[in-house]
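This report refers to the structure that appears directly beneath it.
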Amino acid sequence: MSAIKVKTLTRQIIALADELGFKAVPEYRTKDGTRIDVAILDGEKKLLAVELEASFKWFPQRVLYDVVKAERAGFDSLFVVTSFRGRVRWVDEYASERGITLKIIGEKEAVEEVKNFLRSSCI
């Protein structure tokens, strides 16, 4: 397992969103003062929150916090990009209960997953 390239992925996601006609905001500040790594917007509509988790320490708690931040900021979809391959069922269940679609994805598939999500948002 190697650490993800946060800055590179951030730039790639921003460029992709721009290319597809969406606005990507790095380090998006929420009303309650928290930060989402990349927020993708369609005008004022909040489409996708993307969190880049390079650390494995306290991973379930980090993902839980990511879900809470996404929900409180008004996002229905959250992608967590990490090289950690484990799933935490109780966090998945919590996200589902809160109406958040949570996807934990690897660095290699991150750009393609975001592209597919944004293309499906255009329909």
Side-chain angles (χ1 to χ4, degrees):
M1 247 184 297
S2 62
I4 63 173
K5 296 175 179 83
V6 173
K7 290 181 183 179
T8 300
L9 271 175
T10 299
R11 282 192 300 269
Q12 290 174 333
I13 291 168
I14 291 169
L16 172 64
D18 185 54
E19 176 185 315
L20 295 174
F22 298 98
K23 179 180 180 184
V25 181
E27 297 194 17
Y28 178 85
R29 293 280 174 187
T30 66
K31 289 180 183 178
D32 61 3
T34 60
R35 182 185 56 79
I36 293 173
D37 292 330
V38 181
I40 301 178
L41 312 170
D42 184 7
E44 294 297 314
K45 184 179 179 189
K46 298 172 181 177
L47 295 178
L48 178 64
V50 180
E51 291 287 359
L52 306 165
E53 294 293 352
S55 174
F56 308 115
K57 187 173 183 180
W58 297 94
F59 184 75
Q61 291 83 348
R62 287 176 186 272
V63 176
L64 177 62
Y65 183 53
D66 293 340
V67 170
V68 170
K69 291 189 300 182
E71 178 191 18
R72 291 177 74 185
F75 290 89
D76 294 335
S77 297
L78 167 65
F79 286 3
V80 176
V81 182
T82 182
S83 54
F84 183 66
R85 301 315 290 167
R87 297 293 306 204
V88 183
R89 192 177 78 205
W90 63 269
V91 176
D92 291 337
E93 290 171 358
Y94 178 79
S96 180
E97 288 169 7
R98 306 307 300 164
I100 304 294
T101 301
L102 169 64
K103 253 186 148 172
I104 298 177
I105 55 179
E107 178 180 13
K108 291 180 180 171
E109 61 262 17
V111 173
E112 191 65 29
E113 288 282 346
V114 170
K115 182 189 298 184
N116 292 338
F117 177 88
L118 293 177
R119 285 191 173 151
S120 72
S121 296
C122 295
I123 299 171

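Keep in mind that what you see is a predicted model, and the values were worked out from it rather than measured.
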- Test applied, side chain to side chain contact (heavy atoms under 4.5 Å, CB included); reference residue, Arg11; option that passes from Ile13, Leu9, Thr8: Thr8
- Task: Find out if a path of hydrophobic residues (ILVMFWY) with successive side-chain heavy-atom gaps under 4.5 Å connects Phe79 to Tyr28.
- Result: no
- Rounded to the nearest 0.5 Å, how far does CG of Leu47 lie from CZ of Phe117? 6.0 Å
- Search all heavy atoms of Ile36 against all heavy atoms of Ala70 and return the closest pair with its distance. CD1-CA, 4.3 Å
- What heavy-atom pair brings Val91 and Val67 nearest, and what distance separates the two atoms? CG1-CG2, 4.4 Å
- Side-chain heavy atoms of Glu53 within contact of Phe84, under 4.5 Å: no
- Can Leu118 be reached from Val25 by stepping across I, L, V, M, F, W or Y side chains whose heavy atoms are under 4.5 Å apart? no
- Decide, yes or no, whether a salt bridge links Asp92 with Arg89 under the criterion of side-chain N to carboxylate O below 4.0 Å. no
- Message: Side chains of Leu102 and Val63, heavy atoms from C-beta outward: is any pair under 4.5 Å?
- Response: yes
- Message: Nearest 0.5 Å, please: how far is CG in Asp42 from NZ in Lys23?
- Response: 12.0 Å
- Item | Gap between atom CZ of Phe22 and atom CD1 of Ile40 - 0.5 Å precision | 8.5 Å
- Atom of Ala73, atom of Thr30 and distance for their closest heavy-atom approach: CB-CG2, 3.5 Å
- Euclidean distance, Leu16 CG relative to Glu112 CD, rounded to 0.5 Å: 8.5 Å
- Residues Val111 and Gln12: closest non-hydrogen pair is CG2-OE1, 3.5 Å
- Query: Where the side chain of Lys69 meets the backbone of Thr34, is there a donor-acceptor pair that is under 3.5 Å apart?
  - Reply: no
- Message: Can you give me the closest heavy-atom contact between Ala49 and Phe75, atom names plus distance?
- Response: N-CD2, 3.6 Å
- Note on the structure: Interatomic distance, CG@Asp37 vs CG@Leu52, rounded to 0.5 Å, equals 4.5 Å
- Query: Going only through I, L, V, M, F, W and Y residues with side-chain contacts under 4.5 Å, is there a path from Val50 to Leu41?
  - Reply: no
- Query: When rounded to the nearest 0.5 angstrom, what is the spacing between CD in Glu51 and CZ in Arg35?
  - Reply: 7.0 Å
- Path from Tyr65 to Ile105 over hydrophobic side-chain contacts below 4.5 Å: no
- Note on the structure: Closest non-hydrogen atoms of Thr10 and Pro26, given as atom of the first, atom of the second and distance, are CG2-CB, 4.2 Å
